[in-house]
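Accompanying notes for the structure given below.
What you see is a predicted model; the values in this text were computed from it and never measured. For the single chain, residues carry numbers from 1 onward in sequence order.
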Amino acid sequence: MQKFKTAMKTMGPAKLEVPSPKDFLKKHSKEKILPPKKKFEWNERRKPPVPLRTDHPVMGIQSEKNFINTNAADVIMGVAKKPKPIYVDKRTGDKHDLETSGLVPKYINKKDYGVTPEYICKRNEEVKKAQEEYDNYIQENLRKAAMKRLSDEEREAVLQGLKKNWEEVHKEFQSLSVFIDSIPKKIRKQKLEEEMKQLEHDIGVLEKHKVIYIANKK
């Protein structure tokens, strides 16, 4: 019976290390220790002290300047101030600032108004260059694979031909008898439906893709 027993199978280790009675939780042992106190020192420049009540201002200083004539000359010789632009939107005479109202055309008078930003021009050039590299890569692969690109006139001619064929097949489909009671009629109807479906698929492909490549016959 002791031979087939396995230690630590369900109840854990047979023996555990018992904590020491000296390692009990002490008071304030988990509190954060603050840094030591430092003496505060004021390094900024202090303002001059307030004068005392016993201090008297310096008296007897006089000036020969005629402030009345000086102010009058400044007003006469000075440039007149422009009135602040305002607008009134009510009959009671409520005034508002005109510059911040959005009624003054500021942005259209800027030098760079309507000019494409430099980063957009740079991005367009990068896109154009990437498109040219892609086109060159495609042309090289097509040349190696002996494929030909259909021109816009050829593509339009093929598209019109497919539409004409679809109209002919559709007209023939409509001329079928109402009652399909024989196997040849069923086969013919199924064949016309498949032709119309294939023509519709080809027309959709040509209308969706502007660039069409075909393999050259060897």
Side-chain angles (χ1 to χ4, degrees), residues 79-218:
V79 180
K81 294 183 179 180
K82 293 183 179 180
K84 188 176 181 180
I86 59 174
Y87 73 97
V88 180
D89 59 350
K90 293 183 179 179
R91 59 187 178 86
T92 55
D94 296 338
K95 299 179 180 179
H96 304 281
D97 190 4
L98 183 61
E99 293 183 358
T100 59
S101 65
L103 301 175
V104 181
K106 292 183 178 180
Y107 295 99
I108 62 174
N109 296 327
K110 288 186 176 182
K111 295 181 180 180
D112 57 348
Y113 179 79
V115 180
T116 306
E118 184 179 355
Y119 74 94
I120 294 182
C121 296
K122 185 177 180 182
R123 183 181 299 174
N124 292 339
E125 291 178 359
E126 293 177 355
V127 171
K128 185 178 179 181
K129 184 178 179 181
Q131 185 66 32
E132 291 177 356
E133 293 178 356
Y134 177 74
D135 292 341
N136 295 335
Y137 172 75
I138 292 296
Q139 292 293 338
E140 183 66 20
N141 289 343
L142 292 176
R143 186 182 62 81
K144 293 180 180 179
M147 297 188 72
K148 178 185 175 182
R149 175 180 175 179
L150 284 180
S151 62
D152 295 339
E153 293 78 8
E154 294 175 344
R155 173 180 167 276
E156 187 65 25
V158 173
L159 183 60
Q160 295 299 330
L162 290 174
K163 290 183 178 179
K164 185 177 180 181
N165 294 341
W166 184 88
E167 291 177 358
E168 294 177 357
V169 176
H170 184 259
K171 185 177 180 181
E172 188 177 353
F173 178 78
Q174 287 182 334
S175 63
L176 293 175
S177 61
V178 180
F179 297 100
I180 309 298
D181 51 359
S182 62
I183 295 177
K185 291 182 179 181
K186 292 181 180 180
I187 294 175
R188 181 165 180 76
K189 180 183 178 182
Q190 185 178 2
K191 182 180 178 181
L192 292 175
E193 289 177 350
E194 291 177 355
E195 290 182 3
M196 291 174 60
K197 187 175 181 181
Q198 183 63 36
L199 288 171
E200 290 174 358
H201 177 266
D202 296 340
I203 291 172
V205 171
L206 286 175
E207 290 180 346
K208 182 178 180 181
H209 303 284
K210 302 298 182 182
V211 181
I212 305 295
Y213 294 95
I214 58 175
N216 295 330
K217 295 182 179 180
K218 295 183 179 180

For a quick test of your reading: what N or O donor-acceptor pairs under 3.5 Å do the side chains of residues 81-90 make, sequence neighbours left out?
unit_1: Asp89; atom_1: OD1; unit_2: His96; atom_2: NE2; d: 3.4

Nearest heavy atoms of Asn109 and Pro105, plus distance in Å: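 Shortest heavy-atom separation between Asn109 and Pro105 comes out as ND2-O, 2.6 Å.
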* Would you sort out whether Lys163 and Glu207 count as a side chain to side chain contact (heavy atoms under 4.5 Å, CB included), showing the intermediate values? => CA-CA 11 Å; Lys163 290 183 178 179; Glu207 290 180 346; 3.4 Å; yes
message: Classify the ring geometry of Tyr134 against Tyr137: parallel below 30°, tilted from 30° to 60°, perpendicular beyond 60°.
response: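 Judged by the thresholds at 30° and 60°, the geometry between Tyr134 and Tyr137 is tilted.
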Q: Check whether any side-chain heavy atom of Lys189 sits under 4.5 Å from a side-chain heavy atom of Leu192, and report yes or no.
A: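 The answer is no; the side chains never approach within 4.5 Å.
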Quick one: pull up [atom1] in [X] and [atom2] in [Y] and give me the separation to the nearest 0.5 Å.
X      : Y      : atom1 : atom2 : value
Asp112 : Tyr107 : CG    : OH    : 11.5 Å
Glu194 : Lys191 : CD    : NZ    : 9.5 Å
Ile203 : Met196 : CD1   : CE    : 10.0 Å
Leu176 : Lys186 : CG    : NZ    : 14.0 Å
Lys210 : Asp152 : NZ    : CG    : 9.0 Å
Trp166 : Leu199 : CH2   : CG    : 9.5 Å

- Task: Dump the intermediate steps for side chain to side chain contact (heavy atoms under 4.5 Å, CB included) on Glu140 and Asn136, then the final yes or no.
- Result: CA-CA 6 Å; Glu140 183 66 20; Asn136 295 335; over 6 Å; no
Is the number of heavy atoms from other residues, nucleotides or ligands within 6.0 Å of [atom1] ([X]) greater than 12?
X      : atom1 : answer
Ile183 : CD1   : no
Glu126 : CD    : yes
Lys185 : NZ    : yes

So the ring pair (Phe, Tyr, Trp, His ring centres under 6.0 Å) pairs with at least one residue in residues 190-211 (sequence neighbours excluded) are none
Worksheet entry | Any donor-acceptor N or O pair under 3.5 Å, side chains Glu156, Gln160 | yes
### Message
What I want to check is whether the side chains of Asp202 and Gln198 have a donor and an acceptor closer together than 3.5 Å.
### Response
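Checked: Asp202/Gln198 side chains pair up, N/O donor to acceptor below 3.5 Å.
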One pair to check against side chain to side chain contact (heavy atoms under 4.5 Å, CB included): Ile187 and Gln190. What are the steps and the verdict? CA-CA 5 Å; Ile187 294 175; Gln190 185 178 2; 5.5 Å; no
- Electrostatic pair Lys128:Glu133 at N-O distance under 4.0 angstrom: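 A salt bridge is absent here (no side-chain N lies under 4.0 Å from a carboxylate O).
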